[in-house]
Amino acid sequence: IGGQKIAGIFDTGSFELLVRSTRCSECAHPTTPYDHNKSGTFTANGTVAKHVFGSGPCISMLGYESVSVGPFLHSPKQAFWEIINHRIDVLDRAKFAAIVGIGPNFAHGNRMQTLLMNYGIDEFSVCLQKPSGASGFLTWGPTEIKGAGKHEV
């Protein structure tokens, strides 16, 4: 995101990209948060919204940023949300700083292109291996997109 390596968790139940940010002064940051000041591609919007997940709510600020997943999937002006406050306990100790919504189509009332739309992807598959703690894989597209590869989840 903006040239910064940010670990994320894929969420099939949401549509937007939310990132734990340096703007969240009250957040614990167990991993490096996104910092818009370190980006040469960040564009501010300033709209503030509340997002509610099963694990809790967060307040986020809308912006636009260059977002890549792996070396071949890139969206140069992706709408995303910087988390500026939250009540999601797991974010204060997680090994990830982004919630990557990969739900289909638009969220209710939203007309911004999702990350999957901007990547031209309308199908994906998730493979979770049986042993406890084993890696899983996310495959973009109905079959693996040449060059995009699988991403460990």
Side-chain angles (χ1 to χ4, degrees), residues 1-25 27 29-88 90-92 94-126 136-153:
I1 301 174
Q4 301 167 57
K5 285 194 171 208
I6 305 290
I9 185 168
F10 294 112
D11 181 6
T12 60
S14 66
F15 309 87
E16 295 157 323
L17 173 62
L18 286 89
V19 181
R20 193 170 21 81
S21 167
T22 55
R23 292 185 196 262
C24 188
S25 59
C27 296
H29 293 294
T31 60
T32 304
Y34 168 79
D35 185 348
H36 68 276
N37 292 314
K38 292 182 179 177
S39 173
T41 53
F42 172 75
T43 303
N45 174 289
T47 300
V48 174
K50 182 177 184 177
H51 294 86
V52 180
F53 296 91
S55 53
C58 66
I59 305 298
S60 307
M61 184 179 296
L62 180 62
Y64 302 93
E65 184 60 278
S66 172
V67 177
S68 297
V69 176
F72 300 102
L73 297 174
H74 181 73
S75 177
K77 199 167 177 78
Q78 179 63 49
F80 82 113
W81 297 88
E82 284 185 81
I83 296 172
I84 57 176
N85 198 345
H86 73 84
R87 290 196 179 122
I88 303 174
V90 71
L91 274 182
D92 286 335
K95 293 181 181 177
F96 60 86
I99 301 168
V100 184
I102 57 173
N105 214 330
F106 291 107
H108 177 72
N110 184 6
R111 295 294 166 238
M112 290 180 288
Q113 293 282 307
T114 67
L115 189 62
L116 288 187
M117 289 173 163
N118 285 332
Y119 287 162
I121 294 172
D122 57 10
E123 294 180 64
F124 60 86
S125 61
V126 177
F137 298 92
L138 176 80
T139 302
W140 302 102
T143 60
E144 187 176 327
I145 294 174
K146 187 173 179 139
K150 296 178 183 175
H151 295 274
E152 193 169 322
V153 293

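Numbering of residues begins at 1 and proceeds along the displayed sequence.
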Ring geometry between Phe42 and Phe80 (parallel below 30°, tilted from 30 to 60°, perpendicular above 60°): perpendicular
[X] [atom1] to [Y] [atom2] distance, which is reported to the nearest 0.5 Å:
| X | Y | atom1 | atom2 | value |
| --- | --- | --- | --- | --- |
| Thr114 | Phe15 | OG1 | CZ | 9.0 Å |
| Thr32 | Lys5 | OG1 | NZ | 12.0 Å |
| Cys24 | Ile84 | SG | CD1 | 8.0 Å |

Side-chain heavy-atom pair [X], [Y] within 4.5 angstrom cut-off:
| X | Y | result |
| --- | --- | --- |
| Phe96 | Leu91 | yes |
| Ile9 | Lys95 | no |
| Val69 | Val100 | no |
| Trp140 | Leu116 | yes |
| Met112 | Tyr64 | yes |

[X] and [Y]: which non-hydrogen atoms are nearest, and at how many Å?
| X | Y | result |
| --- | --- | --- |
| Val67 | Tyr119 | O-OH, 3.1 Å |
| Ser66 | Thr41 | CB-OG1, 3.5 Å |
| Tyr34 | Ser39 | OH-CB, 4.0 Å |
| Ile6 | Ala97 | CG2-CB, 3.7 Å |
| Ile83 | Ser21 | O-CB, 3.5 Å |
| Asp11 | Gly13 | OD1-N, 2.9 Å |

Residues which pass side chain to side chain donor-acceptor pair (under 3.5 Å) with His29, listed by chain and number, not counting sequence neighbours: Arg20
Residue list, side chain to side chain donor-acceptor pair (under 3.5 Å) with Lys77, at least two apart or on another chain: Thr43
Ring pair (Phe, Tyr, Trp, His ring centres under 6.0 Å) involving Phe124 - partner list, sequence neighbours excluded: none
Set of residues satisfying side chain to side chain contact (heavy atoms under 4.5 Å, CB included) with respect to Asn118, sequence neighbours excluded: Ser75, Gln78, Gln113
Partners meeting salt bridge (Lys or Arg N to Asp or Glu O under 4.0 Å) with Glu65 (sequence neighbours left out): none
Name the atoms and distances for all side-chain donor-acceptor pairs under 3.5 Å in residues 46-62, with sequence neighbours left out.
from, atom 1, to, atom 2, distance (Å)
Thr47, OG1, Asn45, OD1, 2.5
His51, NE2, Glu16, OE1, 3.0

Candidate list Leu17, Leu115, Thr12, test side-chain contact (heavy atoms from CB on, under 4.5 Å), partner Ile102, passing option: Thr12
Side-chain donor/acceptor of Gln4 to backbone N/O of Asp35, under 3.5 Å: yes
